[in-house]
Amino acid sequence: MSIVASWLADRSLGRLLGRPREEVTTEHAVVVLHDVTKRYPNGKVALREVDLVIPEGDFVFLVGPSGAGKSTLIRLLIRDELPTSGHVVLDGRDLARLPRRQVPKMRRRIGVVFQDFKLLQSKTVHENVAFALEVTGTPRRQIGPAVERVLALVGLTAQAEHLPSQLSGGEQQRAAIARALVHDPRLIIADEPTGNLDPLISWEILQLLLRINDLGVTVLMATHNAEVVTALRRRVVALEEGRVVRDELGGAYHRAD
Ligand SMILES: Nc1ncnc2c1ncn2[C@@H]1O[C@H](COP(=O)(O)OP(=O)(O)OP(=O)(O)O)[C@@H](O)[C@H]1O
Ligand SMILES: [Mg+2]
């Protein structure tokens, strides 16, 4: 951890974030990637010397062409993969040094949302969300109220007893977001969450993610949705061939020049 700690103390942090050094405090960084390179076993280098700091409460769009490394970066954050070199730090913990038994607890601090929703087809919306708590041994009496709370937040109370096949794509994604939220995560990571949705429904999902961000949850969203990124003017981190080529507050999907 000392390498990361000393790097965090370095003045380059403010520059990386594009904001004054004084505003950046290390204990409020939810995500830190320091000099991360990821080479897959077949030799493909998917990330090269990536530096990224995401402070608590940020809303970050991760953009870049297909194959740029967006999903790889997300896989490192959920510890599906380990970096070949460099450090991936979540909530102050270097994921490569995390004892195996602590991995599930760390994963619960992150809610993950995918393009294809990944709902269990034989379970209702309520059961899908409840299942996330059951597998982590949450006491039964806490599960019902927690599920109802997140279903209300995403506007699916009326559809709680529906199966995924009885829902629209937007509703299925909202159910997946409810499931991602039910552990009260510090960070929501969404990999192309609007990739299967039409423009209007994509906006609904974005509004929901923005509301969740307003509630204090940090959001990292990988997307090809140029319209949404450019309209919202949030922080944009752009990858190309595994490198961060732009990290801009209030950015558009495409580089300004
Ligand atoms: N398991 C793997 N083994 C080998 N190479 C991989 C593996 N996963 C991804 N890659 C390669 O790494 C590079 C980055 O892939 P990644 O999935 O991170 O890109 P992406 O930015 O998410 O692309 P997309 O926008 O298409 O989802 C690509 O060249 C891809 O082929
Ligand atoms: Mg991807």
Side-chain angles (χ1 to χ4, degrees), residues 16 30-54 58-90 95-96 98 100 103 106-107 110-119 169-170 172-173 176-177 179-180 185 187-199 201-203 205-206 208-209 218-232 234-248 251-255:
L16 275 172
V30 178
V31 169
V32 177
L33 272 76
H34 174 42
D35 202 13
V36 167
T37 292
K38 175 62 185 177
R39 181 193 300 269
Y40 282 111
N42 67 356
K44 173 74 199 179
V45 180
L47 293 174
R48 292 168 195 272
E49 296 154 19
V50 169
D51 286 320
L52 178 66
V53 177
I54 303 181
D58 246 20
F59 191 111
V60 181
F61 286 120
L62 185 61
V63 305
S66 190
K70 304 180 294 297
S71 295
T72 298
L73 193 152
I74 286 173
R75 267 179 240 134
L76 292 174
L77 288 177
I78 59 178
R79 208 181 178 280
D80 239 9
E81 296 279 354
L82 289 171
T84 308
S85 62
H87 298 271
V88 179
V89 182
L90 198 87
L95 294 185
L98 203 63
R100 194 166 286 277
V103 170
M106 178 56 81
R107 285 227 177 105
I110 313 176
V112 191
V113 177
F114 297 98
Q115 176 170 357
D116 58 357
F117 322 133
K118 298 200 191 300
L119 297 169
Q172 290 186 58
Q173 193 55 296
I177 292 171
R179 181 183 53 190
L187 172 67
I188 289 278
I189 297 178
D191 196 354
E192 292 274 0
T194 62
N196 285 345
L197 304 174
D198 71 39
I201 303 302
S202 297
W203 274 110
I205 294 298
L206 252 296
L208 180 57
L209 291 173
T218 308
V219 177
L220 173 66
M221 171 173 161
T223 186
H224 288 285
N225 194 328
E227 189 195 350
V228 158
V229 173
T230 299
L232 290 176
R234 295 298 178 117
R235 181 175 171 196
V236 174
V237 174
L239 289 174
E240 265 172 40
E241 294 179 359
R243 290 186 195 279
V244 174
V245 294
R246 180 161 60 105
D247 186 349
E248 191 181 10
Y253 184 84
H254 295 287
R255 189 186 293 274

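One-based numbering, in listed order, for ligands and for the atoms of each. Side-chain atoms are counted along with the backbone in the values below, which use heavy atoms only and exclude waters and symmetry mates. Only a predicted model underlies this, so the values are computations on that prediction, with no experimental measurement involved.
Rounding to the nearest 0.5 angstrom, the gap separating the CD1 atom in Ile74 from the CE atom in Met221 is 10.0 Å.
Checking side-chain atoms of Lys38 against main-chain N and O of Val45 turns up no donor-acceptor pair under 3.5 Å. A donor-acceptor pair under 3.5 Å is absent between the side-chain atoms of Arg39 and the main chain of Thr84, judged by distance alone. Side-chain N or O atoms of Asp191 include none that pairs as donor or acceptor with a backbone N or O of Ala222 at under 3.5 Å.
Among residues two or more places apart in sequence or in another chain, the side-chain hydrogen bond (donor to acceptor under 3.5 Å, both in side chains) test is passed with His254 by none. The ring-ring contact (aromatic ring centres under 6.0 Å, His included) check on Tyr253 picks up nothing, with sequence neighbours excluded.
Protein N/O/S atoms closer than 2.8 Å to the Mg ion (ligand 2), listed by chain and residue number, are Ser71 OG.
A heavy-atom distance below 4.5 Å is not found between the side chains of Glu81 and Leu95. Side-chain contact between Thr223 and Val228: absent, with no pair of heavy atoms (C-beta onward) separated by less than 4.5 Å.
Look at Glu49 and Arg243 and you find a salt bridge, because one of the NZ, NE, NH1 or NH2 atoms lies within 4.0 Å of a carboxylate O, short of that distance.
Listed as neighbours of ligand 1 are Tyr40, Asn42, Lys44, Ala46, Pro65, Ser66, Gly67, Ala68, Gly69, Lys70, Ser71, Thr72, Arg75, His224, each bearing a heavy atom under 4.0 Å from the ligand.
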